[in-house]
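Comments concern the structure below.
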Amino acid sequence: MLNLKLIREQSSQIQELLQRRNPEGYDIQPILDLDQKQREIETQRSQLSARGNEIGKTIGQKIRTGSDPKGSEIAALKEEGNSIKAQLGELEPQEKDLKTQIESLLLQLPNLPDESTPVGKDETENVEVRRWGEEYIPENDKILPHWEIGEKLGILEFKRAVKVAQSRFVNLIGAGAALERALINFMLDKQIEAGYTEIMPPVLVNTDSLTGTSQLPKFSEESFKCSDDDLWLTPTAEVPLTNLYRGEILEASQLPIHHCAYTPCFRREAGSYGKDTRGLIRLHQFNKVELVKLVHPDNSEAEHQALVKNAEAILQALKLPYRVIELCTGDLGFGAAKCYDLEVWLPSSETYREISSCSNFRDFQARRANIRFKEAGKKGTKYVHTLNGSGLAVGRTMAAILENYQLPNGTVQIPEVLQPYLKREFL
RNA sequence: GGAGAGGUGGCAGAGUGGUCGAAUGCGCUCGACUUGAAAUCGAGUGUACUGCAAAGUACCGUGGGUUCGAAUCCCACCCUCUCCGCCA
């Protein structure tokens with residue numbers, strides 16, 4: 001959520017920054033108008049309240065000091081009190097209604113892109129930052145796409161997953177399941193080593209949590225909802241991890257907080273019916289190791305860079321070629337101010353595919369989730385900055401391994417760093 | 001699912017119609033005493049909004065209601081805990 005005060009005081013800059021995302025997408029003028037009205041009413045209302053409080057106190061005092069509770073003096077005060085009450089009865093609902101409208105408009109506004117975020121209209125204008133590793137280009141199409149080699153090896157099973165659940169689900173079988181587990185353990189071990197504290201959070205989360213991290217209200221069709229309860233299947237561990245501290249005032253000395261978690265993630269993938277219908281790339285349920293940071297605003301840029309490196313370290317350890325892309329303003333996620341995607345090389349289609357997305361939300365989520373901190377000896381509170389990134393999407397990592405480590409003889413080598421976990425060298 | 005208890009500041013906990021944004025204790029900050037520390041003593045210590053400011057307003061789980069006035073009374077809802085049942 002954007003800071004209303006800032007919208008009011010720097011409206012033209014803010015309008016301009018929002019236009020970098022989408023030239024016609026956002027108009028803050030209605031918010032400014034409502035805000036103006038709301039403050040006018042608030043001034044009136046609080047002056048009336050002040051007089052009302054004064055009357056209340058006066059009546060109490062007079063009765064205590066011996067005035068006749070049924071006398072004319074008290075009756076006159078009561079009458080004034082009643083008239084104030086009647087006026088407040090009109091103003092209060094108006095003010096409340098304005099506040100609700102403002103709040104709901106604010107919740108629909110995306111974060112401001114960082115000044116450094118490249119301006120562009122869509123993903124074609126994203127900027128490549130760096131590449132790592134050598135692209136594996138198969139000769140004569142000998143490399144099978146991961147879903148084919150996976151089925152051939154008997155470790156991926158899609159048909160029965162449809163029977164058990166629906167399309168876009170998978171059964172991992174035998175070594176496939178073991179490989180997934182090995183990847184999860186490897187990723188967690190690596191991030192714990194890098195200083196993150198592991199959390200195993202609830203994967204059902206409530207509406208407040210999803211609003212706090214900005215999946216709601218705009219993207220409700222993206223998550224699975226439990227119809228009988230105010231609970232949703234978490235689309236990413238970002239939600240439970242960031243919301244751990246919702247509504248809290250932390251001590252500055254507690255920062256930075258670095259958490260990692262493995263969770264299954266659930267996404268409805270509404271609106272992507274034709275896309276990536278085969279394989280592990282786009283499933284309704286997938287595993288992910290997530291990194292979440294809550295940091296002091298002064299350090300958020302450095303923390304962001306470090307977070308990207310933490311995610312990259314996994315790909316490097318697995319020796320998977322990848323590139324780092326900085327998203328342009330038109331492709332930036334709703335809550336992000338700045339975002340780097342890691343894209344892994346998939347030789348079967350000779351493309352790079354997103355395997356991690358590392359975002360700096362600055363105070364956008366913190367303001368929604370009301371996560372603040374206090375500096376010792378200083379007055380007041382500030383919002384923390386929140387950051388998160390995948391470290392990594394496990395299913396997509398498996399896909400990348402099945403393709404990049406595929407040998408001409410139809411077997412798949414296990415990356416060296418995973419061998420201690422799997423206790424084997426080939427699939 | 002059944003029965004009961006309860007939701008008040010960082011924590012514990014008092015408060016059953018006005019002097020309550022809220023006692024007291026703990027914690028924390030500053031100061032005194034001390035070679036230093038502990039103990040002791042003194043002072044301070046919630047958040048947010050409006051306003052240039054003075055100041056004002058709001059907040060005792062949430063939402064309504066009664067009243068000149070509600071943490072306190074009434075109604076509805078939510079949540080937590082305990083016991084029983086069921087269950088990995």
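So that the names make sense, note that chain A is the first sequence line, chain B the second, and so on, each numbered from 1. These numbers come from a predicted model, not from an experiment.
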(Q) Check this one for me: any side-chain N or O of Lys374(A) less than 4.0 Å away from OP1 or OP2 of rG10(B)? (A) no
**Q.** Distance, rounded to the nearest Å, where Glu73(A) contributes CD and rC68(B) contributes P
**A.** 17 Å
Q) Taking everything shown except Arg160(A) itself, do over 12 heavy atoms lie less than 6.0 Å from its CZ? A) no
Q: Specify the separation, in whole Å, of atom CG of Asp68(A) and atom C1' of rC68(B).
A: 15 Å
Q. Taking the six-membered ring for Trp, are Phe364(A) and Phe334(A) parallel (under 30°), tilted (30 to 60°) or perpendicular (over 60°)?
A. perpendicular
Q: Classify the nucleic acid contact of Thr381(A) as base, sugar-phosphate or nothing, counting any heavy atom under 4.0 Å across all strands shown.
A: sugar-phosphate
Q. Is Asn53(A) near enough to rC68(B) that one of its side-chain N or O atoms lies under 4.0 angstrom from OP1 or OP2?
A. no
(Q) Between rC41(B) and rC52(B), how far apart are the two P atoms, rounded to whole Å? (A) 46 Å
Q: Quick one: sort the Phe373(A) and His296(A) rings into parallel, tilted or perpendicular, breaks at 30° and 60°.
A: tilted
Q) Which value, in whole Å, describes the distance between the P atoms of nucleotides rC83(B) and rA70(B)? A) 39 Å
**Q.** Minimum-distance nucleotide (side-chain atoms of Glu42(A) versus rU50(B), rU19(B), rC68(B))
**A.** rU50(B)
Q) What is the base-pairing partner of rG7(B), counting Watson-Crick and G-U wobble geometry with both distances under 3.5 Å? A) rC78(B)
Q) Mind checking who rA55(B) pairs with, Watson-Crick or G-U wobble, both distances under 3.5 Å? A) rU50(B)
**Q.** Asp276(A): which of Arg168(A), Arg282(A), Arg396(A) passes salt bridge (Lys or Arg N to Asp or Glu O under 4.0 Å)
**A.** Arg282(A)
Q | Between C1' of rC79(B) and CG of Asp230(A), the distance in whole Å | A | 12 Å
Q) Once you round it to whole Å, what is the distance between C1' of rA48(B) and CG of Asn3(A)? A) 13 Å
(Q) Say we look at rA55(B) and rU62(B): how far apart would their C1' atoms be, to the nearest angstrom? (A) 31 Å
Q. For atom C1', what is the distance between rC86(B) and rC73(B), given to the nearest Å?
A. 40 Å
Q | Partner nucleotide of rG31(B) by Watson-Crick or wobble geometry (both distances under 3.5 Å) | A | rC41(B)
Q) Whole Å only: how far is the NZ atom of Lys382(A) from the P atom of rA48(B)? A) 13 Å
Q) What nucleotide among rU67(B), rU19(B), rA48(B) has an atom nearest to a side-chain atom of Arg64(A)? A) rU19(B)
Q) How are the rings of His284(A) and Phe169(A) set to each other: parallel, tilted or perpendicular (split at 30° and 60°)? A) tilted
Q: With heavy atoms under 4.0 Å as the rule, sort Ile84(A) into base, sugar-phosphate or nothing.
A: nothing
